[in-house]
Structures are given as structure tokens and as C-alpha cells.
Amino acid sequence: MKRNFLKGCLFVMLACLGGCFSMVAQPFINEIKEFTRQDAGQMPPTGQILFTGSSSFRLWKDMQLYFPGKPILNRGFGGASLTDVIYYADEVIFKYQPGKIVLYCGENDLAASSTITADTVVARFVQLFELVRDRMPQVPIVYVSIKPSPSRRSLMPAMLQANTKIRQFLQQQKKTRYVDVYHKMLDATGNPLTHIFTSDSLHMNGDGYKIWQKALKRYL
């Protein structure tokens, strides 16, 4: 009961700090329940490399094939923002006792509202980082930079600013890695590569994930 009360208080606090989020977590409840159902059938072993965050991980269905021999657990969900990962941290992070955490999140925060700035994203990231560090001080954290999606071209300056500040923050922390995929997904003129995205110009195809594979593999 106390845990649920504290979790509810956290959610209210996030809503007040980050804008109008009163229903922010609800769209993903079915996905969280599905994780619980899968875990009930066979709980994943502890110590795995946990990928969590938004749909860029969720849609990476064949992730294990890109990192053969690595103990991968994918718990990306929906169009998650950093506030969603914070809210569901018990369900998508802590219960699994991972050996390493790989996070992709922040893009949906910027896309949610014009009132969400790069500094908002950085503050939310720091809050999540400190939450994890408090509970799992020895677990390495790998952050994948916000990607330059063609459908969100107007957000690229804010994306770059958020990425830069998160990278600078992580450089001051132990057991962390910042993985720059942003620049690897641009053409020679600084525009997003279009051929690595699906028809929605938001999510990646196999060519996009090959870029992520190459950027990530040394840190897994």
C-alpha cells in the first residue's frame, strides 16, 4: 500500500513539473500488463542487458539477432516519454535486476508539446538517471541519443541541444556511456537519411537498425 501511495505521489509530482500529464501513463497499461503476463510464464534471468524506452526499441523485434551471444531483454514500450519510463520504472527496469541498462527516450517528450524544451528533456533524464542510480548504483547505463526523424525535422535543434546536454551530464558520471546515433543518421548536408526510415518517416527499417547496431555493439 505504501509503495502504491508513493508511486502515485511521484506521478502527481511529474504532472506538476512537466506540464499536463494526468493521463500520460494510461495509453501503455496494456503493454505493461503484457510484460507481466510474459514474466509470469517465464521470468527472465537477472543480469541481462535491458533495453527500455520508446517504440524505437519496441519495434526492434529481432534485436537479439543484431547482438548474437548477448543476453538481451527488450522492454521498450509504446510511444514512451521519459516520464512514462519513470512512472513504470518498477515494471520495466527494477524488477529485472539487469546487468546493464540501455535507454532510448526523449524524442517523444519533445514531440508531445511545444512547451517541452530541451532543458525539460534533460531534467527528466537526470531524474530518471538518479532514480536508477539510487536503486542500482553499480549498474552501467547506456543512453542512445535522440534520433533525427524526418517527420520531426522541426525538432532537430532541440534534439541536438538535449543530446549535447545529456552527453555532457553523462561525462561527469561513472559507469555510463553516451551513444551518438544522431550524427550517424544524417546525410552530407545535415539532413536525416530518408532511406533508413519506414514510410511514416519516424520509425526505422533494417538499415536504420544496422546503424544502431554498429554504434551500440562496443558498449554491450
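No hydrogens, no waters, no symmetry mates; every other heavy atom, side chains included, goes into these values.
Qualifying salt bridge (Lys or Arg N to Asp or Glu O under 4.0 Å) partners for Lys184, counting only residues two or more places apart in sequence or in other chains: none. Lys95 is linked by a salt bridge (Lys or Arg N to Asp or Glu O under 4.0 Å) to Asp39, counting only residues two or more places apart in sequence or in another chain. Legend: residues meeting side-chain hydrogen bond (donor to acceptor under 3.5 Å, both in side chains) with Lys165, ordered by chain and number and at least two apart, are Asp119. For Tyr219, there are no ring pair (Phe, Tyr, Trp, His ring centres under 6.0 Å) partners at least two apart in sequence or on another chain. Applying the side-chain hydrogen bond (donor to acceptor under 3.5 Å, both in side chains) rule to Gln213 yields no partners; only residues at least two apart in sequence or on another chain are considered. Residues passing the salt bridge (Lys or Arg N to Asp or Glu O under 4.0 Å) test with Arg218, sequence neighbours excluded: none. Listed by chain and number, the residues in a side-chain hydrogen bond (donor to acceptor under 3.5 Å, both in side chains) with Asn163 amount to none (sequence neighbours excluded).
Aromatic ring centroids of Phe169 and Phe129 lie under 6.0 Å apart.
Side-chain N or O atoms of Ser149 include none that pairs as donor or acceptor with a backbone N or O of Ser151 at under 3.5 Å. Panel note: side chain Asp109, backbone Val121; no donor-acceptor pair is recorded below 3.5 Å. Remark: the backbone N or O of Ser81 is paired with a side-chain donor or acceptor of Asp84 at under 3.5 angstrom.
Within 6.0 Å of CD on Gln42 lie no more than 12 heavy atoms contributed by other residues, nucleotides or ligands.
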task = Show your working on side-chain contact (heavy atoms from CB on, under 4.5 Å) between Asp180 and Arg167 and close with a plain yes or no.
result = CA-CA 9 Å; Asp180 180 14; Arg167 175 178 57 81; over 6 Å; no
key: Steps toward side-chain contact (heavy atoms from CB on, under 4.5 Å) verdict (Leu216, Val181)   = CA-CA 9 Å; Leu216 273 167; Val181 297; 6.0 Å; no
message = Quick one, Leu220 with Lys217, criterion side-chain contact (heavy atoms from CB on, under 4.5 Å). Give me CA distance, side-chain angles, the key distance, then yes/no.
response = CA-CA 5 Å; Leu220 303 187; Lys217 63 181 181 181; 5.7 Å; no
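Put simply, the side chain of Thr115 does not reach to within 4.5 Å of the side chain of Thr120, judged on heavy atoms. Side-chain contact between Tyr66 and Trp212 is absent, with no heavy atoms from C-beta onward closer than 4.5 Å.
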Listed pairs under 3.5 Å, donor-acceptor, residues 198-209 side chains, sequence neighbours left out:
unit_1: Thr198; atom_1: OG1; unit_2: Asp200; atom_2: OD1; d: 2.7
unit_1: Thr198; atom_1: OG1; unit_2: His203; atom_2: O; d: 3.1
unit_1: Asp200; atom_1: OD1; unit_2: Leu202; atom_2: N; d: 2.8
unit_1: Asp200; atom_1: OD1; unit_2: His203; atom_2: N; d: 2.9
unit_1: Asp200; atom_1: OD2; unit_2: His203; atom_2: ND1; d: 2.6
unit_1: His203; atom_1: NE2; unit_2: Ser55; atom_2: OG; d: 2.9
unit_1: Asn205; atom_1: OD1; unit_2: Asp207; atom_2: N; d: 3.0
unit_1: Asn205; atom_1: OD1; unit_2: Gly208; atom_2: N; d: 3.2
unit_1: Asn205; atom_1: ND2; unit_2: His195; atom_2: O; d: 2.8
unit_1: Asn205; atom_1: ND2; unit_2: Phe197; atom_2: O; d: 3.4
unit_1: Tyr209; atom_1: OH; unit_2: Ser56; atom_2: O; d: 2.6

List, one per line, each side-chain donor-acceptor pair under 3.5 Å for residues 135-144, sequence neighbours excluded.
unit_1: Arg135; atom_1: NH1; unit_2: Asp90; atom_2: OD1; d: 3.4
unit_1: Arg135; atom_1: NH2; unit_2: Asp90; atom_2: OD1; d: 3.4
unit_1: Tyr143; atom_1: OH; unit_2: Cys105; atom_2: O; d: 2.6

Give the table of side-chain donor-acceptor pairs shorter than 3.5 Å for residues 57-65, with sequence neighbours excluded, one pair per line with atom names and distance.
unit_1: Gln64; atom_1: NE2; unit_2: Phe67; atom_2: O; d: 3.2
unit_1: Gln64; atom_1: NE2; unit_2: Lys70; atom_2: O; d: 2.7

Can you list, pair by pair, the side-chain donor-acceptor contacts under 3.5 Å of residues 46-54, counting residues two or more places apart and other chains?
unit_1: Gln48; atom_1: NE2; unit_2: Pro45; atom_2: O; d: 3.4
unit_1: Thr52; atom_1: OG1; unit_2: Arg75; atom_2: O; d: 3.1

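In summary, the side chains of Glu34 and Gln38 do present a donor paired with an acceptor at a separation below 3.5 Å, with no hydrogens or angles considered.
To the nearest 0.5 Å, atoms CG (Leu110) and CE (Met156) are separated by 12.5 Å.
Listed by first then second residue, pairs satisfying salt bridge (charged side-chain N to carboxylate O under 4.0 Å, His left out) with a partner in residues 138-154 read Glu107-Lys147, Glu107-Arg152, not counting sequence neighbours.
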